[in-house]
Amino acid sequence: MQFAAHTDTSPMRASYSQIDLYAPDRTPCATDLSDNTNLWGVPPHAARALGDAGAAAVTRYPSLYASELKGALAGRAGVTADMIVTGCGSDDVLDSAIRAFAEPGDRVAVPDPSFAMIPIFARMNGLEPVLVPLRDGTVLDADAMLATGARVIYLCSPNNPTGNLLDAAAVERVVREAPGVVILDEAYADFAGGDARDLLRISDRLLLCRTMSKAYGLAGLRVGYAVGAPALVAAVEKSRGPYKVNALAERAALAALGDDEDWVRARVAEAVDNRERLGAELRARALAPLPSAANFVLVPLPGAAAVAARMRELGVAVRPFTALPSIGDALRISVGPWELMARFLEAFDEAAAC
Ligand SMILES: *Cc1c(COP(=O)(O)O)cnc(C)c1O
């Protein structure tokens, strides 16, 4: 069979040529400190729930919109279930929200540096990401964010990859004055000792995104959710579509939110202690790690990519960043049990000495 010759027309959407496939190095590595997941492992009751569910749970479809999970999450957040939307990871919720609140061609304002997936989700949905530098690499510039006039404003606090909390007054101003929707990504709020839930009282155009991939140790199951006004949440659910939280994931998430809460709280406390201890170790090496409210530490380091590559050969993976605005090259290190942090320090000392 002959196909017509395509000389100047690609079968792909033209705008997709601007999308880079998200593909950080995930080659298996003995000690992987590159993705900020729970390095203590799976919460025990969630693990048991997965075993008990067995194969029988997968012959039928899961619930359409994870209603049982929504109920549990609502109880935990102190809101009604119609204020919760779930998804296949919070990535799915973020993608669906961006799509729900903007028409193709509209702008999405994103701080820079921040979560690398957001510009990709914007372009996947035909939207234009507008990067707004954080002052000194960490400080939210509310005026500059608002000046974009963007239909959707994305904020992340604690911010990935810098680790800092955004200034509460600046966030509140953006929420009050934004012309459209504000998405506040709180993937790491469990490690920050607080969240921005109070802001839901002043705006019905605020969506707080959370995940069970980090503190709750369920990254491989892909469970995320968001909290917001019922009308907002309903729009995200429409954009998201049915069956996005699979049957096993919903069972494990319910167990984690129930019987595993103490386990999660204890691991979070340990992560916070080890984060501070890791910061002190780095400062003792004449480095200047950024203050972190998350379960990772970002440390500026010229030539970070080469150091990370040498560390990989030594069996320790960390995430390198190149030329972050106002920060420069840097390494992001996930925090876990101290034994892993000790392995990091050993490999780092060897790799950085080259
Ligand atoms: C890890 C991460 C997510 C994604 O979480 P999933 O629920 O696993 O999709 C979202 N936002 C930020 C800032 C993250 O670092």
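Both counts, for ligands and for their atoms, begin at 1 and track the order of listing. These values consider heavy atoms only, across backbone and side chains, with no hydrogens, waters or symmetry-generated copies. Worth saying up front: this structure is predicted, and the values here are computed from it rather than measured.
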Subject >> Leu39 side, atom CG; Glu339 side, atom CD - distance, nearest 0.5 Å >> reply: 11.0 Å

**OP:** Quick one: look up the protein heavy atom nearest atom 15 (O) of ligand 1 and list residue, atom name and how far away it is.
**Re:** Tyr188 OH, 2.6 Å

**OP:** Examine the proximity of ligand 1 to Asp91 and report which part, side chain or backbone, both or neither, has a heavy atom under 4.0 Å away.
**Re:** both

**OP:** Could you verify whether a donor N or O on one side chain and an acceptor N or O on the other, from Ser326 and Asp136, lie under 3.5 Å apart?
**Re:** no

Original post:
Ala219 near ligand 1, heavy-atom distance under 4.0 Å?
Top reply: no

**OP:** Answer yes or no: does atom CD of Glu350 have more than 12 heavy-atom neighbours from other residues, nucleotides or ligands under 6.0 Å?
**Re:** no

Subject >> Side-chain donor/acceptor of Asp32 to backbone N/O of Cys29, under 3.5 Å >> reply: no

Subject >> Which of the ligand 1 atoms, numbered from 1, are nearer than 4.0 Å to a heavy atom of Ser213 >> reply: 6 (P), 7 (O), 8 (O)

Subject >> For atom 5 (O) of ligand 1, closest protein heavy-atom neighbour >> reply: Ser90 OG, 3.1 Å

**OP:** Share the residues that join Phe321 in a hydrophobic cluster, the rule being Ile, Leu, Val, Met, Phe, Trp or Tyr side chains under 4.5 Å apart at the heavy-atom level.
**Re:** Leu290, Leu298, Leu324, Ile327

Original post:
Considering only heavy atoms of Cys156, which atoms of ligand 1 have at least one such atom less than 4.0 Å away?
Top reply: 13 (C)

**OP:** Provide, to 0.1 Å, the distance between atom 12 (C) of ligand 1 and the closest protein heavy atom, together with that atom's residue and name.
**Re:** Asp185 OD2, 3.4 Å

Original post:
Do Arg222 and Asn246 meet the criterion of a side-chain donor-acceptor pair at a distance under 3.5 Å?
Top reply: no

Original post:
Can Tyr188 and Lys214 be counted as having a side-chain donor-acceptor contact under 3.5 angstrom?
Top reply: yes

Original post:
Taking heavy atoms and a distance under 4.0 Å, where does Arg222 meet ligand 1: side chain, backbone, both or neither?
Top reply: side chain

Subject >> Heteroatom proximity flag, Lys214 to ligand 1, N/O under 3.5 Å >> reply: yes

Subject >> Per-atom contacts of ligand 1 with Ala187, taking only distances under 4.0 Å to non-hydrogen atoms >> reply: 11 (N), 12 (C), 14 (C)

